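Within every chain, numbering begins at 1; the chains are lettered A, B, ... in the order of the sequence lines, protein sequences first and strands thereafter. Computed from a predicted model, the values in this text were never measured in an experiment.
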There are 2 protein chains.
Amino acid sequence: MALHAVCNRLHRDASRTSRFCKSRHDAEIANLDMAKRTRVTRPKAARIADVAQLAGVSVATVSRTLARPEVVIEETRLRVLAAVRDTGYMPNISARNLRVRKTMVVLVAVPDIANPFFAEVLQGIDDTLSAADYGLIIANLAGSPGKEARYVDLVCAGQADGVLLLCGHVMRSPDRDLRDARVPLVAACEYIPGEKFPQITIDNVDTAREAVGHLIKLGHTNIAYLSGPKSNILEQQRLEGYRQALREAGIAADAGLILRGDFTFRAGVEAGRALLALEPVARPTALFAANDEMAIGLIKTVHTAGLQIPDDLSVVGFDGIAYADYCEPTLTTIVQPRRDLGATAAAELISLMTNGRAGPRKDIKLPATLMLRDSTRAPRRSPS
Amino acid sequence: MALHAVCNRLHRDASRTSRFCKSRHDAEIANLDMAKRTRVTRPKAARIADVAQLAGVSVATVSRTLARPEVVIEETRLRVLAAVRDTGYMPNISARNLRVRKTMVVLVAVPDIANPFFAEVLQGIDDTLSAADYGLIIANLAGSPGKEARYVDLVCAGQADGVLLLCGHVMRSPDRDLRDARVPLVAACEYIPGEKFPQITIDNVDTAREAVGHLIKLGHTNIAYLSGPKSNILEQQRLEGYRQALREAGIAADAGLILRGDFTFRAGVEAGRALLALEPVARPTALFAANDEMAIGLIKTVHTAGLQIPDDLSVVGFDGIAYADYCEPTLTTIVQPRRDLGATAAAELISLMTNGRAGPRKDIKLPATLMLRDSTRAPRRSPS
DNA sequence: CTGAAAGCGCTTACAG
DNA sequence: CTGAAAGCGCTTACAG
C-alpha cells in the first residue's frame with residue numbers, strides 16, 4: 001500500500017476510534033508532509049466531522065443544526081452547539097459553495113478606485129452587500145488593460161454570483177463577454193445604452209438642465225459649458241441638459257461657449273486660462289462644468305488672476321464631492337446620492353441573485369439635488 | 001431506487017456513452033429540477049469531465065495540461081486545449097481551492113474606503129495582488145461595528161490566505177483574534193506596536209520633524225501644532241516629531257500652541273476660529289497640521305477672515321492628498337508614497353503566503369518627501 | 001506520459 | 001428527528 005494511502009487510512013481509523021485531539025494530530029502530520037513538497041498550506045482548523053464526533057452525532061445533524069436549528073431537537077442542538085464552541089468550528093466556505101454552487105461574492109467594476117466619487121458609491125454597495133453576507137471583489141479598471149479580461153474570465157469561471165458595473169460598459173475579454181457569464185448584471189452611475197439589465201442612475205439630462213436653469217433664473221444668458229470627454233455618456237447627457245435649458249429659455253446656442261475638458265482638475269485650470277485669454281466683454285458671466293473637479297480647477301485659476309467668483313463669473317459644478325464644500329468660494333453643484341446609488345444597485349443585484357429575473361427590466365432614477373452655495377449669483381450687469 | 005439517484009445514474013451513463021452536448025443536457029434537467037426546490041442556481045458551465053470526454057483523455061490529463069503543460073505530450077496537449085476551447089471550459093475555483101486548501105484571496109482592512117488616502121493605497125495593493133492572481137476582499141471598517149467581527153470570523157473560517165491591516169489594530173471578534181487565524185498578517189500605514197508581523201510605514205516621527213524643521217529654518221519660532229485624535233498612533237508619532245524639532249532648535253515647548261483636532265476638515269475650521277480668537281500678537285506665525293484635510297480647513301477659515309497665507313501664517317500639512325495641490329494657496333506638505341506603501345505591503349504578504357515565515361520580522365520604512373509649495377514662507381517680522 | 005482513484009469539507013434528498 | 005451516502009469539481013500521489 002502506498003504511503004499516502006497509509007496516511008489516509010491511519011487518519012480515518014483515528015477519526016473513528018479516538019478523540020478529537022488525536023485525529024487532528026494525525027491530520028497535521030499528513031499536512032506537514034505535504035507542505036514540504038508543495039506550497040504552504042495551513043494546518044488544522046476543525047471540520048464538520050470533528051464537531052460531529054465530539055457531539056456524538058452525524059455530520060448531517062451538525063450541518064442542519066447550523067443551517068436550520070429549528071428542525072433539530074433541543075437536546076441535540078445543545079450538544080452540537082457546545083461541540084462547535086469547543087472545537088472553534090467554522091464552516092469551510094469553499095466546500096459549501098462548491099456544494100450549493102454559489103460563491104456569495106459579487107464583482108464590482110469601478111473605473112478608478114482612487115476617485116473619491118466611486119469610493120463613496122462603493123460604501124453604499126459594501127454596506128448592502130455585507131449585510132446580506134455577500135463578499136465584494138473590486139475590479140479596479142484603472143491601470144493595466146489586461147485586468148479587465150482577467151476579471152471577465154473570473155466571472156465566467158463562476159467565481160462570482162453577480163456583477164455590478166460602475167464603468168459605463170459591459171466588460172469583455174478577448175474571447176468572452178460578461179453577458180455570457182450566466183450571472184445577473186446591474187449597472188450604476190454610468191448608464192449603458194441598449195442593455196436589458198437594471199440600471200441605477202440619476203437623470204443626468206434633467207439635472208444638468210436644472211443646474212443651467214438656475215443660472216438662467218439668476219439672469220445669466222451668456223453661459224459657458226465645460227465638457228467632459230466626448231465619448232462619455234455622462235458628458236453627453238449633461239451637455240444635452242445644458243442645451244435643453246438654453247433652448248427652453250430661448251437663448252441661442254453658441255458653440256464658442258463650449259470648452260473642451262476631460263473631467264480632470266487640470267482641464268479646469270486650462271479652461272480657466274482660456275477664459276482669461278478672452279476680452280473681458282466677450283467673457284461669459286456664468287459657467288456650468290460637467291463635474292466638480294474641473295469647476296474647482298477653473299475657479300482657482302480665474303480667481304488667482306483677479307476675477308471675482310461669483311461676481312465676475314458664476315460657476316456650477318456636478319457631483320457634490322466633499323471638496324466642493326471645502327474650496328473657496330464653496331461650489332454650487334449637483335449633489336449625487338452616491339451612497340444610495342451604490343446601495344440601490346446592490347439591493348437590485350441581490351434580488352436578482354436570489355430570485356432570478358424578477359419581471360421587466362428596471363431602470364431606477366435616483367434624485368440628485370442642486371445644492372446652492374457661494375459660487376453663483378446674478379450677473380453684475382443686467383443682460384445686454 | 002430513489003429519484004435523485006436515478007438522475008445521477010442517468011447522468012453518469014450519459015457521460016460515458018454520449019457526446020458533450022447530451023450529457024450537459026441531462027445535467028441541465030437535473031439542475032432545473034433542483035432550482036425549483038432550492039434557491040437560484042446557474043445552469044451548466046463545462047466541467048473538467050466534459051473536456052476530458054471531448055478530448056478522449058482522463059480528467060487527470062486535462063488538469064495536468066492546464067497546470068503543467070510541459071509534462072504532457074504535445075499531441076495530447078493540443079487535443080485537450082482544443083477541447084477546452086470548444087467547451088469554453090474554465091476551472092471551478094471553489095473546487096480547486098477546496099482541494100489545495102487555498103483561497104487565493106486576501107482581506108484588506110481599511111478604516112474608511114471613502115477616504116482618498118486609503119483609496120490610493122488600495123490601488124497599489126490591488127495592482128500587486130492581482131498581478132499575482134490574488135483576489136481582494138475589502139473590509140471597510142467604517143460603518144457598523146459588527147462588521148469587524150464578521151470579517152475576523154471569515155478569515156478564521158479560512159476564507160482568505162492573508163490579511164493586510166491598514167486600520168492600526170489587529171482585528172478582533174467577540175471570541176476570536178485575527179492572530180489565531182493561522183494566516184499571515186502584514187500591516188501598512190498605521191504602525192501597530194508590539195506585533196511580530198511585517199509592517200510597512202513611513203517614519204512619521206522623522207518626517208514630522210523634517211516638516212517642522214522646514215518652518216524653523218524659515219525663521220519661525222512660534223509654531224503651533226494641530227493634532228489628530230490622541231489615541232491614534234500617527235498622531236502620537238507626528239506630535240513626537242514636532243516636539244523633537246522644537247527641542248533640537250532650542251525652542252521651548254508651549255502647551256498653548258497645541259490645538260486639538262481629529263483629522264477632519266471641520267476640525268481644521270474650528271482650529272482656524274480658535275486662532276482668529278487670539279490677539280494678533282499672540283498668534284503663532286506658523287502651524288504644522290497632522291494631516292492635510294485639517295490644514296486646508298484651517299487655511300480656508302483664517303483666509304476668509306482676512307489673514308494672508310503664508311504671510312501672516314505659514315502652514316504645513318501631512319499626507320499629500322490631491323487636494324493639497326488644488327487649494328489656494330497650494331499646501332506645503334509631506335507626501336506619502338501611498339501607492340508604494342500598498343504595493344510593498346502586498347508584496348510582503350505574498351511572499352509570506354508563498355514561502356511561509358521568511359526569517360526575522362521585517363519592518364519597512366518607505367521614504368516620504370516634504371513638498372514645498374505656496375503655504376510656507378519666512379515670518380513677516382523677525383522673531384522677537 | 002497517462003489513468004484510476006482518493007479526497008478536499010461541505011449539503012441535502014432519501015430512508016428510517 | 002437523525003444517519004448513511006452521494007456528490008459538488010477539482011488535484012495529485014501512485015501505479016503502470
Side-chain angles (χ1 to χ4, degrees), chain A residues 1-9 11-12 27 30-31 33-34 37-39 41 45-52 55-77 79-80 89-103 157-158, chain B residues 1-9 11-12 27 30-31 33-34 37-39 41 45-52 55-77 79-80 89-103 157-158:
Chain A
M1 187 180 274
L3 177 62
H4 96 283
V6 171
C7 282
N8 290 331
R9 242 270 222 90
H11 180 148
R12 248 178 293 135
N31 264 334
D33 191 26
M34 280 194 60
R37 251 168 283 155
T38 66
R39 24 193 162 172
T41 56
R47 302 145 311 164
I48 195 167
D50 299 316
V51 179
V57 298
S58 73
V59 295
T61 298
V62 176
S63 180
R64 274 189 216 104
T65 304
L66 266 20
R68 306 194 306 284
E70 68 282 4
V71 311
V72 168
I73 204 169
E74 176 165 19
E75 192 228 321
T76 311
R77 194 194 319 144
R79 265 213 327 283
V80 170
Y89 171 71
M90 305 234 51
N92 175 317
I93 313 285
S94 287
R96 169 185 296 163
N97 289 344
L98 176 58
R99 184 55 235 241
V100 305
R101 298 156 145 281
K102 299 190 77 184
T103 66
Chain B
M1 185 181 275
L3 176 62
H4 94 284
V6 172
C7 282
N8 290 331
R9 242 271 223 88
H11 180 148
R12 248 179 292 133
N31 264 334
D33 192 27
M34 281 194 60
R37 251 167 283 156
T38 67
R39 23 192 164 176
T41 57
R47 300 146 313 164
I48 196 168
D50 299 317
V51 179
V57 299
S58 72
V59 294
T61 298
V62 176
S63 181
R64 274 190 216 103
T65 304
L66 266 19
R68 304 193 306 284
E70 68 281 5
V71 311
V72 168
I73 204 170
E74 174 165 20
E75 193 227 321
T76 311
R77 195 194 320 144
R79 265 215 325 283
V80 170
Y89 171 71
M90 306 234 52
N92 175 315
I93 313 285
S94 286
R96 169 186 295 162
N97 289 344
L98 175 59
R99 184 55 237 239
V100 304
R101 297 156 145 281
K102 300 191 76 183
T103 66

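- With rounding to whole Å, A/Leu98 atom CG is found 9 Å from C/dG9 atom C1'.
- Taking B/Ala95 as the reference, A/Leu98, B/Asn92 meet the side-chain contact (heavy atoms from CB on, under 4.5 Å) condition, with sequence neighbours excluded.
- We find that CZ of A/Arg96 is positioned 9 Å from P of C/dC10, with the value rounded to whole Å.
- Screening A/Val51, A/Val72, A/Val62 against A/Val57 for a side-chain contact (heavy atoms from CB on, under 4.5 Å) leaves a single residue, A/Val62.
- In the set C/dG9, D/dT2, D/dG9, the nucleotide with an atom closest to the side chain of B/Asn92 is D/dG9.
- Here C/dG9 presents its C1' atom at 11 Å from CG of A/Asp50, a figure rounded to the nearest Å.
- The B/Arg99 side chain lies nearest to C/dA6 when the options are C/dC1, D/dA6, C/dA6.
- Nearest heavy-atom pair, A/Leu66 versus A/Tyr89, reported as atom, atom and distance to 0.1 Å: CD2-CE2, 3.6 Å.
- In the region residues 56-65 of chain B, proximity to DNA chain C at under 4.0 angstrom, judged on heavy atoms, holds for B/Val57, B/Ser58, B/Ala60, B/Thr61, B/Arg64.
- Straight-line distance from the CD1 atom of A/Ile48 to the P atom of D/dA4: 14 Å, rounded to whole Å.
- Atom name C1', nucleotides C/dG16 and C/dT12: the rounded distance is 16 Å, in whole Å.
- For B/Ser94, there are no side-chain hydrogen bond (donor to acceptor under 3.5 Å, both in side chains) partners, not counting sequence neighbours.
- Checking the phosphate oxygens (OP1, OP2) of D/dC8, no side-chain nitrogen or oxygen of A/Arg101 falls inside 4.0 Å.
- Within the structure, every pair that satisfies the side chain to side chain donor-acceptor pair (under 3.5 Å) test and touches residues 63-77 of chain A, not counting sequence neighbours, is listed here: A/Glu75-A/Arg79.
- Rounded to whole Å, atom P of C/dG7 lies 12 Å from atom CZ of A/Arg47.
- Distance CD (A/Glu70) to C1' (D/dC1): 13 Å, rounded to an integer number of Å.
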### Message
Only Watson-Crick and G-U wobble pairs with both distances less than 3.5 Å should count. Give DNA chain C in dot-bracket notation, marking inter-strand partners with |.
### Response
|||.||||||||.|||
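- By the side-chain contact (heavy atoms from CB on, under 4.5 Å) test, B/Ile93 pairs with A/Gln159, B/Arg96, B/Asn97, sequence neighbours left out.
- Rounded to an integer number of Å, the gap from CG of A/Asn97 to P of C/dT11 is 10 Å.
- As a whole-Å value, the separation of B/Glu74 CD from C/dT2 C1' is 17 Å.
- Here the closest non-hydrogen pair linking B/Val80 and B/Ala55 is CA-CB, 4.0 Å.
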